[in-house]
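Quick notes on the structure that follows.
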Amino acid sequence: MDATFWAFVGLVLFLAAMFWVKVPGKISGALDNRADDIRKELDEARKLREEAQALLSDYQRKRHEAEGEAEAIIAEANSEAERLTVETNNALEEMIARRSKAAEDKIAQAETQAIAEVRARAADIAVAAAEQILSAKVKDKVADDILSKSIAQVKEKLN
């Protein structure tokens, strides 16, 4: 009986004590518990990943909807700007046409007034000249009658 034999006996006793205390079952149970914990963590991580994926797809859908709305708003704003531009141009053209018409009317009125003033002034000058000529050549009652008739005729023809 040497030391190797006693080492072997000690090893057998140690292993028997281990089985008697059920250490392999406890190690197996601990490993099973650890595996269950890892499995739970993996399931939870999978659930979190699925939730994150759903949230991502939801945000992507919302982003696409927002982009579509933004494009619609931009298109509407562009069409509104074009409509306002057309309306403004039409209003400007109408205003220019009204002002041009008003200016032409004022010019025509000023022309008519100037012609009337020229005629009136010519009539006054003609009357004055006729008065001077008649007063120099015709005297008394005949002169007065001719003068008044001539003045009346000149006024009628010029106005």
Side-chain angles (χ1 to χ4, degrees), residues 18 21-159:
M18 294 285 262
V21 179
K22 299 182 183 178
V23 171
K26 290 181 181 179
I27 291 173
S28 159
L31 289 175
D32 287 343
N33 288 339
R34 179 73 178 142
D36 288 341
D37 289 345
I38 291 172
R39 191 173 302 112
K40 287 177 185 177
E41 287 178 10
L42 286 174
D43 288 342
E44 186 176 334
R46 190 174 301 115
K47 285 179 186 178
L48 288 175
R49 183 176 183 273
E50 289 171 358
E51 288 176 10
Q53 191 69 27
L55 192 61
L56 175 66
S57 65
D58 187 44
Y59 281 125
Q60 286 176 343
R61 181 184 51 80
K62 286 180 181 180
R63 188 194 77 204
H64 288 299
E65 288 175 1
E67 287 174 354
E69 287 178 17
E71 288 174 4
I73 289 170
I74 289 170
E76 185 178 330
N78 286 338
S79 66
E80 183 71 15
E82 288 175 15
R83 185 185 62 80
L84 288 175
T85 301
V86 168
E87 286 179 7
T88 303
N89 287 340
N90 289 341
L92 182 62
E93 288 174 6
E94 289 175 6
M95 183 184 71
I96 290 171
R98 282 195 311 269
R99 289 198 177 182
S100 296
K101 176 72 172 136
E104 289 172 0
D105 290 346
K106 282 185 178 183
I107 290 170
Q109 184 181 6
E111 224 176 77
T112 304
Q113 186 177 358
I115 290 172
E117 287 177 2
V118 168
R119 284 184 179 171
R121 183 74 177 141
D124 290 342
I125 292 173
V127 169
E131 185 179 345
Q132 284 180 354
I133 292 172
L134 288 177
S135 64
K137 295 190 176 185
V138 180
K139 303 278 184 195
D140 297 327
K141 173 111 172 109
V142 173
D144 290 337
D145 288 340
I146 291 173
L147 181 62
S148 62
K149 286 180 184 177
S150 297
I151 291 172
Q153 285 177 353
V154 169
K155 283 186 179 179
E156 282 179 22
K157 289 183 180 180
L158 289 178
N159 290 332

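If you're wondering where the values come from, they're calculated on a predicted model, not measured in any experiment.
Note that the CE atom of Met95 and the OG1 atom of Thr88 stand 11.0 Å from one another [nearest 0.5 Å]. Rounding to the nearest 0.5 Å places CG of Asp37 at 11.0 Å from CG of Asp32. To the nearest 0.5 angstrom, Asn89 atom CG is 9.5 Å from Ile96 atom CD1. Going from atom CD of Gln109 over to atom CD1 of Ile107 covers 11.5 Å, rounded to the nearest 0.5 Å. Annotation: the span from Ser100 atom OG to Glu93 atom CD amounts to 11.5 Å, rounded to 0.5 Å. Note: Lys62 NZ to Leu55 CG = 8.0 Å, rounded to the nearest 0.5 Å.
By the 4.0 Å N-to-carboxylate-O rule, Asp43 lies close enough to Arg46 to be salt-bridged with it. A salt bridge links Arg61 and Glu65; the closest N-O separation between the charged side-chain nitrogens and carboxylate oxygens is under 4.0 Å. Using a cut-off of 4.0 Å between Lys/Arg side-chain N and Asp/Glu carboxylate O, Asp36 and Arg39 are scored as salt-bridged.
Atom CD of Glu67 has more than 12 neighbouring heavy atoms from other residues, nucleotides or ligands inside a 6.0 Å radius. The number of heavy atoms from other shown groups lying within 6.0 Å of CD (Glu87) is above 12.
Residues in residues 69-82 take part in these side chain to side chain donor-acceptor pair (under 3.5 Å) pairs, two or more places apart or across chains: Glu80-Arg83. Contacts classified as salt bridge (charged side-chain N to carboxylate O under 4.0 Å, His left out) and involving residues 101-112 (residues at least two apart or in different chains) are given here: Lys101-Asp105.
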